[in-house]
Amino acid sequence: MARPVRVRFAPSPTGPLHIGGVRTALYNYLFARQQGGTMILRIEDTDQTRFVPGAEDYIRRSLAWCGIELDESPWHGGPHAPYRQSERKATYQALARQLVERGQAYYAFDTPAELETMRQQLLASKAEHTGYGSQTRLQMKNSLSLPATEVQARLAAGEPYSVRLLVPAEGEVVFDDLVRGQVRVQANTIDDKVLLKSDGMPTYHLANVVDDHLMEISHVIRGEEWLPSAPLHVLLYRAFGWEATRPQFAHLPLLLKPEGEGKLSKRDGDRLGFSVFPLAWDGGAPAPETDETGPDDEPTPQPTGRSSGFREDGYLPAALLNFLALLGWHPTTDQELLSLPEMIAQFDLSRIHKAGARFDIQKAKWFNQQYIKQLSNEELAQQLTPELASRNLSLPPAKVVAIGGLMKERITFVKDIVTDGAFFFEPPTEYDAQVVAKKWNADLTGYLAALQSALATVPQLDEATARELTHQVAEQRGLKPGSLMQGLRVALTGAPGGPDLMGIIAVLGQAEVEKRLGLALAMVPLP
RNA sequence: GCAGCGUUCGUCUAGGGGUUAGGACACAUCCCUUUCACGGAUGUAACACGGGUUCGAUUCCCGUACGCUGUACCA
């Protein structure tokens, strides 16, 4: 029982890594780090027809961006290399053969067309069991139903065959899931699943069980979509005689659509305007999503091959991880802002929720806002600089830092500074109509004009002198500063609200303030 | 259809035989701010339904409904 914790994240390179996959990877990582265990990444690329170039590298870059570190992987290597299933083919074949020899599995010669025909017949006859199993296997073409000589002949002739698991006709499969507790299933409801495909590649079931065993995986933490096949996997461990070291299962709740029914899909992101991928993806057409090919589904729109990602949308990796971690798990306290080390310290498989979690992008935004607020002005400036550069805006570093400080508490994404704080970079093109109507009178224009000429009297315009000057000029004219400030703000920025006015003036600088005052004055519609 | 899993505010969730059922997002109001935001305070809002067990059930059991996942030589 006290065996070293070894967990794995095992994605298929069939397209960009889904955000649900990121959460699965995160939970594995949290558990591994907390237990002082090992985090392994294995590429499950046994379906050559769904292989997408670039997907594997996308997975690597995504996890790296998130800060999910791997101890063993195709890229890091490790004691159980290779970590790509396509490179482990011989192992699966040998083990599958072993199973056949021991009578735990058998050869099947049915063609896909024959299987389909049989399925239709069984469905039509309303048979109790429609799968390929104890009730039906003797009606099929396999080494159980065919004479041994014919089996040998077919094999010798090089006829394509698959290997299927011989599932016991009776009995119950029982196992403990760390999230769901005891799960029990009647063996006769489990199909004789294909283990080895006729192309010589293993199916997920075989490769997964074999690799988890060989790689000494202690805990299988994966999505709930695998729960129905877990009993089959238990049977496989049993057939191999690996029950004693079988990993413990933990099946995670699914990430659901924000509205409506079903798993979160790429379409939801497109429709509702958010990403479901960590990084932007432009590596060609993603493989069709398997969760969208059901017969009742509306036709899947042709994927554009291009999707935005959380990174490009402006999310900080720490915020994304925090948001994701709480979708299905909750610490013992009410604390919601959790750093990675805090999550590692508090993570607990037994506190994972059982029901699926709807994906609410609102909350993700809130997390991002919180994490931006925690950034120092310098850190924020560092993030802001490339954002500015991409829009051909350039400012002295000190001003970028100042702008960051001014805007930090009023943005959700760093790039919001460019839009919400556009006035930092160029004069307003229009002035808030309400304020103009209410506040732009002779008092104000006189004040603005006086302020404009007074600007030259101060050596430099920092926040303190700005405050001094703006108030002084008002008092000289017998006016209360308070009544003038919003007018001044609109004259300078065009907007009725925003960050501290004196801070804005300081960033703008003497020359720019004078220029904008002139601009505003020229606009004032006075009789 | 069959199998498995699930069901606490609109959403993420805490809790658990006796609670004013707690927190967060969102929403609303107020305070702070001569602005806006941040922050603070307050408010609206939930135990799917029906039986049982029990002095007492949202909590335990059974059933129903609903939902999800699976039911591929995809993962």
Side-chain angles (χ1 to χ4, degrees), chain A residues 10-14 44-47 49-50 108 110-112 115-116 119 123 126-132 160-164 177 179-181 183-186 188-191 193-205 207-208 222-231 251 253-254 256 258-259 261-263 287-288 290-291 293 323 326-337 351 353-367 369 373 406-411 420 432 435 480-486 488-490 493 495-501:
Chain A
S12 293
T14 54
E44 309 226 324
D45 55 349
T46 55
D47 185 359
T49 64
R50 297 213 306 156
D110 320 87
T111 65
L115 287 174
E116 185 54 30
R119 217 183 330 265
L123 237 36
K126 294 200 169 20
E128 199 182 338
H129 298 278
T130 54
Y132 200 124
Y161 65 90
S162 61
V163 174
R164 285 180 181 269
D177 186 282
V179 172
R180 276 143 227 287
V183 176
R184 33 177 73 224
V185 176
Q186 290 299 324
N188 65 15
T189 64
I190 302 172
D191 288 353
K193 288 288 183 195
V194 169
L195 265 21
L196 202 64
K197 301 184 252 184
S198 53
D199 66 358
M201 277 295 211
T203 57
Y204 169 86
H205 307 293
N208 190 263
R222 80 232 295 192
E224 193 189 344
E225 64 265 36
W226 295 111
L227 192 54
S229 49
H251 287 95
L254 263 15
L256 271 18
E259 50 193 47
E261 312 145 356
K263 289 198 286 186
T290 53
D291 55 308
T293 50
F323 165 64
L326 261 25
L327 243 32
W329 170 77
H330 200 277
T332 50
T333 65
D334 278 338
Q335 183 185 353
E336 295 210 82
L337 257 14
R351 289 186 63 81
H353 221 241
K354 293 184 180 67
R358 278 188 192 274
F359 190 85
D360 178 17
I361 201 67
Q362 270 312 339
K363 192 108 185 202
K365 288 181 180 173
W366 178 79
F367 274 110
Q369 184 192 336
K373 241 170 53 179
L406 251 16
M407 295 297 288
K408 192 158 62 176
E409 290 188 345
R410 55 193 69 235
I411 53 167
D420 297 358
D432 183 78
V435 176
K480 289 200 163 173
S483 63
L484 266 11
M485 288 305 135
Q486 199 172 28
L488 175 59
R489 171 184 293 282
V490 170
T493 71
D500 180 63
L501 224 203

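Chain letters run A, B, ... following the sequence lines, proteins first and then strands; every chain starts at 1.
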Output the rounded distance in Å from [atom1] ([X]) to [atom2] ([N]).
X        : N     : atom1 : atom2 : result
A:Arg489 : B:U33 : CZ    : C1'   : 11 Å
A:Leu327 : B:U11 : CG    : C1'   : 10 Å
A:Phe359 : B:C25 : CZ    : C1'   : 13 Å
A:Arg351 : B:U13 : CZ    : P     : 12 Å
A:Arg222 : B:G70 : CZ    : P     : 13 Å

Restricting both atoms to N or O, compile the protein contacts to nucleotides 37-42 of chain B shorter than 3.5 Å, with distance only.
| unit_1 | atom_1 | unit_2 | atom_2 | d |
| --- | --- | --- | --- | --- |
| B:A37 | O2' | A:Glu409 | O | 2.6 |
| B:A37 | N3 | A:Arg410 | NH2 | 3.4 |
| B:C38 | O4' | A:Glu409 | O | 3.3 |
| B:C38 | O3' | A:Lys373 | NZ | 3.0 |
| B:G39 | OP1 | A:Lys373 | NZ | 2.9 |

A:Thr332 vs B:A14: side-chain N/O to OP1/OP2 distance below 4.0 Å:
no
- prompt: Are any of A:Lys197's side-chain N or O atoms less than 4.0 Å away from OP1 or OP2 of B:C74?
  reply: yes
Protein N or O to nucleotides 20-23 of chain B N or O, pairs below 3.5 Å:
| unit_1 | atom_1 | unit_2 | atom_2 | d |
| --- | --- | --- | --- | --- |
| B:G23 | O4' | A:Asp334 | OD2 | 3.4 |

Check nucleotides 3-10 of chain B against the protein and report each pair of N or O atoms closer than 3.5 Å, with its distance, or say if there are none.
| unit_1 | atom_1 | unit_2 | atom_2 | d |
| --- | --- | --- | --- | --- |
| B:C5 | O2' | A:Arg180 | NH1 | 2.7 |
| B:C5 | O2' | A:Glu224 | OE2 | 3.3 |

Now, which nucleotide makes the Watson-Crick or G-U wobble pair with [N], with each of the two distances under 3.5 Å?
N     : result
B:U58 : none
B:C25 : B:G10
B:U69 : B:A3
B:U20 : none
B:U64 : B:A48
B:U53 : none

Need one value for [X]: base, sugar-phosphate or nothing, where a base atom within 4.0 Å counts as base even if backbone is also close, heavy atoms only.
X        : value
A:Arg119 : sugar-phosphate
A:Pro481 : base
A:Gly223 : nothing
A:Ser198 : base
A:Gly498 : base

Exercise. Of all residues at least two apart in sequence or in a different chain, which pass the ring pair (Phe, Tyr, Trp, His ring centres under 6.0 Å) check with A:Phe323?
Worked result: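 Listed in chain order: A:Phe359.
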Exercise for the section: Using the P atom as the reference point in each nucleotide, state the distance between B:G40 and B:A65 in Å, no decimals. Expected result: 47 Å
Toward the 5' end of RNA chain B, which comes first, A:Gln362 or A:Thr111, by nearest nucleotide?
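Its nearest nucleotide lies further toward 5', so the answer is A:Gln362.
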Residues passing the side-chain contact (heavy atoms from CB on, under 4.5 Å) test with A:Gln335, sequence neighbours excluded, are A:Thr333, A:Leu338, A:Glu342, A:Gln346
Practice prompt. Answer yes or no: side-chain N or O of A:Arg358 and base N or O of B:U11 forming a donor-acceptor pair under 3.5 Å.
Written response: no
With hydrogens left out and only the distance checked, is there a donor-acceptor pair under 3.5 Å joining A:Thr203's side chain and the base of B:C73?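 Not at all, since no donor on one side and acceptor on the other fall under 3.5 Å apart.
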Under the rule for salt bridge (charged side-chain N to carboxylate O under 4.0 Å, His left out), what residues qualify as partners of A:Asp360, not counting sequence neighbours?
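By the salt bridge (charged side-chain N to carboxylate O under 4.0 Å, His left out) rule, A:Asp360 matches no residue at all.
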